[in-house]
Q: 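Below is one structure. I have some questions about it.
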Amino acid sequence: MNDEVTYIKQKISELEIDVDKGQAEQLFQYYRLLIEWNQYMNLTAITDFQEVVEKHFIDSLSIVFVQDMQSAESVIDVGTGAGFPGIPLKIAFPHLKMTLLDSLQKRITFLDHVISELGLKEVEAIHGRAEDFAKPGFGREKYDLCVSRAVANLSTLSEYCLPFVKIGGSFVSYKSKEAEQELDKAKNAIFLLGGRTEECKSFGLPGTDISRTLVKIRKVSGCPKKYPRKSGTASRSPL
């Protein structure tokens, strides 16, 4: 285990993030739980240890290229899946109050187990759809930061995610490739939802041949009450 923990610390240090041995051990324990549960449910197609570190852990933490994580307190990860990027962010930045939202109950069951086994505090896993949880009285305009690695076009993701963000907060979308064209198509949606594009940063994921683009959108005004629209509408008919 010592070699794996050392490897995790070394890779994370390449992002100029300092994690101690205990945090690296938590990430290794998370990896082991991911692989164990992956035998029974579809959590990830990536199972090699080094690949999980590079393509899941480092990818999740690469948000530091566009976001000062010390300036955020409350964070929601929309469509978290197996817990990316939310769990690595919570481990690396323990001060965060983290909400993990996913529409599949079995993933939430897995995440509850991870939270318990790793002894994580101020993190909750919620079973639900963004269209429902973003309503007033639940998670609407409650968070400093919304993050999502979910696979959807930026117009759709913005409708799911921007309603969660406080005015002055940010939504960061993890895109898998150059996103300028997609961003151009999403300009109207971002404007309607109270957002303003602040940064679009493309880079190669350290240690891999994977291209990543982070789109950071600042919430500058309140989101109209009619958004997000009812279930499925945002994906079928993007703004």
Q: Walk me through it: do Arg32 and Ile35 pass the test side-chain contact (heavy atoms from CB on, under 4.5 Å)?
A: CA-CA 5 Å; Arg32 292 172 65 176; Ile35 299 308; 6.0 Å; no
Q: Assess whether side-chain contact (heavy atoms from CB on, under 4.5 Å) is satisfied between Phe84 and Val147, documenting all intermediate values.
A: CA-CA 9 Å; Phe84 304 114; Val147 295; over 6 Å; no
Q: Measuring centre to centre across the rings, with the benzene-like ring taken for any Trp, is Tyr30 within less than 6.0 Å of Phe57?
A: yes
Q: For the side chain of Tyr31 and the backbone of Gln26, is there at least one donor-acceptor N/O pair under 3.5 Å apart?
A: no
Q: Quick check against the 3.5 Å criterion: does Lys97 have a side-chain atom that pairs as donor or acceptor with the backbone of Glu122?
A: no
Q: Using a strict 4.0 Å threshold on nitrogen-to-oxygen distance, state whether Lys201 and Glu199 make a salt bridge.
A: no
Q: Below 4.5 Å, heavy atoms only, C-beta onward: do Tyr160 and Ser235 meet side chain to side chain?
A: yes
Q: Is Lys175 paired with Glu182 through a side-chain N to carboxylate O contact shorter than 4.0 Å?
A: yes
Q: Could you check whether any side-chain heavy atom of Met69 comes within less than 4.5 Å of a side-chain heavy atom of Leu96, counting everything from C-beta outward?
A: yes
Q: Between Arg107 and Leu43 (side chain of the first, backbone of the second, donor and acceptor by atom type, cut-off under 3.5 Å), is there such a pair?
A: no
Q: Between Glu141 and Lys166 (salt bridge meaning N to carboxylate O under 4.0 Å), is one present in this structure?
A: no
Q: Using atom types as modelled and distance alone, determine if a side-chain donor or acceptor of Asn38 lies under 3.5 Å from a backbone N or O of Thr44.
A: yes
